[in-house]
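Can you keep this structure in mind? I'll have questions shortly.
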Amino acid sequence: SSQEHGLDFQRLLDASAYKEMFRQDMIRWGEEKRHADPSFFCRAAVEGAVQPVWVVSDTRRLSDVEWFRDVYGDVVQTVRVVATEETRKKRNWVFVTGVDDAESECGLDQGVAFDWVITNDGDKVALGEQLETLLQSLHRSL
């Protein structure tokens, strides 16, 4: 964790060069934790949660999705947010070999039938409409 390694947590949240310096180390640390205990991060994400709806963002692997489905069943709704490579490049994303092709970045590209796929290519109206549909569905299931 950032605390274990004395890193600036807020700076790790942005897309700065600071984060990129530690990104492979963070991935390696996460892989070690996950190898020792595959449900480590899933359990940490829900610890103490009591709200009727949780948003667990940034799951990275099929094993994460399977854990949530095994533990919580049909109430789990999976949402994938997509953007074209062109849009991602406009947002300053640059492919880094050994990072962006690692399981932590593309482990959910196959093998998951997502309940929702949201397109975020910069059209705020279209994004809002998609999110509104998702929210209405969640409200109906409460």
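Model, not experiment: these values are computed from the prediction. Just so you know, these numbers use all the heavy atoms, side chains as well, and skip hydrogens, waters and symmetry mates.
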* Can you tell if the side chain of Thr119 reaches within under 4.5 Å of the side chain of Leu127, non-hydrogen atoms only? ->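 Not in contact.
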
* Given a cutoff of under 4.5 Å between side-chain heavy atoms of I, L, V, M, F, W and Y, with clusters grown through shared members, what are the other residues clustered with Val112? ->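 So far as hydrophobic clustering goes, Val112 is joined with Leu62, Val65, Val82, Leu108, Phe114, Val117.
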
* Asked: Does Asp121 reach the main-chain N or O of Thr84 with its side chain, forming a donor-acceptor pair under 3.5 Å?
  ->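 Present.
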
* Any pair with a residue in residues 35-60 that passes salt bridge (Lys or Arg N to Asp or Glu O under 4.0 Å), sequence neighbours left out, goes on the list, sorted by first then second residue, please. =>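 Residue pairs with at least one partner in residues 35-60: Asp37-Arg43, Asp58-Arg60, Arg60-Glu105.
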
* Answer yes if Leu138 and Leu131 sit in the same cluster of Ile, Leu, Val, Met, Phe, Trp and Tyr residues linked by side chain heavy atoms under 4.5 Å apart, and no otherwise. =>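 Result: yes, single cluster for both.
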
* Asked: What distance do Asp123 atom CG and Gln130 atom CD have between them, rounded to the nearest 0.5 Å?
  ->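 The distance works out to 8.5 Å.
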
* With the threshold set at 4.0 Å, does a side-chain nitrogen-carboxylate oxygen contact exist between Glu32 and Arg28? ->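 Arg28 and Glu32: not salt-bridged.
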
* Asked: Who else is in Val125's hydrophobic cluster (ILVMFWY, side-chain heavy atoms under 4.5 Å, direct or via others)?
  ->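 Val125 clusters with nothing; isolated.
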
* **Heavy atoms from other residues, nucleotides or ligands near CG of Asp74 exceed 12 (cutoff 6.0 Å)** =>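 Counting neighbours around CG of Asp74, 12 or fewer heavy atoms of other residues, nucleotides or ligands fall under 6.0 Å, so no.
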
* Asked: Is Val75 isolated, or which residues cluster with it under the ILVMFWY side-chain rule of less than 4.5 Å, directly or via members?
  ->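 The other cluster members (ILVMFWY side chains, heavy atoms under 4.5 Å, direct or chained) are Val46, Trp54, Val56, Trp67, Phe68, Val71, Tyr72, Val76.
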
* Minimum heavy-atom distance between Ser63 and Arg34, given as atom pair plus value ->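 For Ser63 and Arg34, the tightest heavy-atom pair comes out as OG-NH1, 4.4 Å.
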
* Any chance you could measure Phe95, atom CZ, to Arg88, atom CZ, to the nearest 0.5 Å? =>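 Phe95 atom CZ to Arg88 atom CZ measures 9.5 Å (nearest 0.5 Å).
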
* Asked: Do the non-hydrogen side-chain atoms of Lys33 and Phe41 ever get within less than 4.5 Å of each other?
  ->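 Yes. Closest side-chain heavy atoms under 4.5 Å.
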
* To do: Output every pair passing side chain to side chain donor-acceptor pair (under 3.5 Å) with a member in residues 133-142, not counting sequence neighbours, ordered by first then second residue.
  =>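 Side chain to side chain donor-acceptor pair (under 3.5 Å) check on residues 133-142 returns Glu132-Gln136.
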
* Identify the two heavy atoms, one from Asn120 and one from Ala83, that lie closest to each other, and give their separation to 0.1 Å. =>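 Of all heavy-atom pairs spanning Asn120 and Ala83, the closest is O-CB, 3.4 Å.
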
* Under 4.5 Å between side-chain heavy atoms, hopping through other hydrophobics if needed: is there a path connecting Leu142 to Val55? ->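 Result: no, two separate clusters.
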
* **By salt bridge (charged side-chain N to carboxylate O under 4.0 Å, His left out) - contacts of Arg91 (at least two apart)** =>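 Arg91 satisfies salt bridge (charged side-chain N to carboxylate O under 4.0 Å, His left out) with no other residue.
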
* pair Trp116-Gln77: side-chain heavy atoms closer than 4.5 Å ->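 Contact flag for Trp116/Gln77 side chains = yes.
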
